[in-house]
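Below is one structure, written out as structure tokens; the observations come after it.
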Amino acid sequence: MSVLIIAEHQNNQLKVETHKSITAGLALGDTVDVLVLGEHVNEVASEVSNIIGVHQVLVADHAAYAHQLPENSAALIHALSQGYTHVLAPATTTGKNIMPRVAALLDVCQISDISEVLATDTFKRPIYAGNVIATVQSSDPIKVITVRCASFDRAETGNNAPVVAVEQVIDNALSQFVSEEQAVSERPDLSAASVVISGGRGMQNGENFALLEGIADKLGAAIGASRAAVDAGFVPNDMQVGQTGKIVAPDLYIAVGISGAIQHLAGMKDSKIIVAINKDEDAPIFQVADYGLVADLFTVLPELEQAL
Amino acid sequence: MKILVPIKRVVDYNVKVRVKSDNSAVDLDNVKMSINPFCEIAVEEAVRLKEQGHASEVIVVSIGTNAVQEQLRTALALGADRAIHVETDAHMESLDVAKTLAKLVEQEQPQLVILGKQSIDADNNQTGQMLAALCNYPQGTFASNVAISNEHVHVTREVDGGLQTVQLTLPAIVTTDLRLNEPRYASLPNIMKAKRKPLESMSLDSLGITPKQSLTVVKVEDPPVRSAGVKVADVAELMDKLKNEAKVIS
């Protein structure tokens, strides 16, 4: 079995989703190659070569692959996929964008969002917003897969795999990058943070999310939100934790003023420890919380910040 | 220009699904079915583009048994002009659906195809991207804004960490994210009118499509249940538990 993994990076920073996908890849085969696709990505490539288990790093560094637009990226991955039994990418917005395009070019079905590898052709994946777990088996010659990174540990570093340049350039000019608005934050990424504190509709407005910031700073935590808080316009959508937002599994998840709708639980219930703070003692969030505190969040949050 | 909007009939998002006792499938008997929410957003976007004068016709299409005609009628009531029903009782994976849609794109020649980014049953998030590959069209997935200007469409995409805007040369494929729009409710007069709008049926065979069946569901099961923990009285007790019992903070 030989596995090709598409590295996740953003603004030329390697993302932890890559390390986690490599763990999934190593469960499938001994030979795990990683493709780094983008422009000015040599540093990312050398960082990938440090990850234990990587056989070789392929680097496609060209303006045509900047921003990893799917038309060119998928065509290149398709061209490089010969000889591999599995092609994997993290189930990030980049991986979700590119991989089905690769699968269609290869005329194979894609297996989305795998949470467990049972055999080289058999996988578990959540369906119905995580309310059902399906075991699926693929008979396609190449398995095209996206990986639910929250379900896999990160691969360690301490390696020096060879880095090989990919010279092939595919530029079909069907699409062009126009602009990007990235949320600037000193805090860790939601999907990579070991502590996440999230606010829900109970926060009442966007300004009150400041109450979470002091706690997040002390814990080195990322700040998330429920879909209710996003829909109410309190905070932007990229903070959303849930089936339609980010899937997280930190060591500690603190849910503040979140009732615990199924769609939110789907995004955080694999967290190691869950704390819920809510004034409604019947809120469903308490059914999954290791520690529940029935209290008014506006009283408790300042106390918590002081206690840390 | 024409806009094609494929829609899927799925379990209503309010229904709590149950796994059958033999773990073979999810029990769909006697549960409420609806248009997939992301597909409804796609219909709404297409109808708005028509109302703004960018589109001349909105065609909705659905694949499945006769039951999908119910969702097609709903889409017609929301403002689509005509409907195509591709009839089959076969299980269709995303690739099969994309191949079927590619045939219809060939026949209808739409400038824009708008799809939901994923269906809330299989949660695959594949069909739009696959269709784009098969047609060799550009794609703008997870759209939160769609703006048409001459030969191009600008799509603002919801990506990890923010928003990205891309310019696509038409014809193009767009898939919808939640914040693209808020779908309207169908009014009673429009529901009545929808009954008289054209709905054409064709068989999957007539399009030359045979489902690939390379992906098998071996079994389905309930996710592991997380049991409720303890209630703490105050912040002091919570801190104590986190430090000394869970050991997640120091």
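For Glu71(A), the part sitting under 4.5 Å from any heavy atom of chain B is the side chain, from C-beta outward, and nothing else. Contacts of Gln243(A) with chain B are made by side-chain atoms alone, with heavy-atom separations under 4.5 Å and no backbone atom involved. At a 4.5 Å heavy-atom cutoff, Val155(B) makes no contact with chain A through either its backbone or its side chain. Using a 4.5 Å cut-off between heavy atoms, Leu219(A) contacts chain B through its side chain alone, with no backbone atom that close. Looking at Val19(B), only its side chain comes within 4.5 Å of chain A, counting heavy atoms on both sides. Heavy atoms closer than 4.5 Å to chain A are found nowhere in Arg18(B), neither backbone nor side chain. Heavy-atom distances place no part of Tyr13(B) under 4.5 Å from chain A, backbone and side chain included. The parts of Ala246(B) that come within reach of chain A are both its backbone and its side chain, each placing non-hydrogen atoms under 4.5 angstrom from that chain. Heavy atoms closer than 4.5 Å to chain A are found in both the backbone and the side chain of Leu163(B). Residue contact with chain A, scored on non-hydrogen atoms closer than 4.5 Å, is absent for Ser94(B). With a 4.5 Å cut-off on non-hydrogen atoms, Ala236(B) does not touch chain A at all. In this structure, chain A has a heavy atom under 4.5 Å from the side chain of Lys212(B), while its backbone stays farther away. Both the backbone and the side chain of Val217(B) come within less than 4.5 Å of a heavy atom of chain A.
Of all the listed residues (Val136(A), Ile127(A), Thr135(A), Asp238(A)), the one sharing the greatest number of non-hydrogen pairs under 4.5 Å with chain B is Thr135(A). Comparing Val108(A), Asp189(A), Leu265(A), Ile262(A) by how many heavy-atom pairs each has under 4.5 Å with chain B, the most go to Val108(A). Of the listed residues (Thr92(A), Ile133(A), Ile274(A), Val102(A)), the one with the most heavy-atom contacts under 4.5 Å to chain B is Ile133(A).
Identified by a heavy-atom distance below 4.5 Å to chain A, the contributing residues of residues 165-176 of chain B are Thr165(B), Val166(B), Gln167(B), Leu168(B), Thr169(B), in residue-number order. Using non-hydrogen atoms only and a strict 4.5 Å limit, the part of residues 287-295 of chain A facing chain B consists of Gln287(A), Val288(A), Ala289(A), Asp290(A), Tyr291(A), Gly292(A), Leu293(A), Val294(A).
Here Lys96(A) does not pair with Asp160(B) in a salt bridge; the nearest charged N to carboxylate O distance is not below 4.0 Å.
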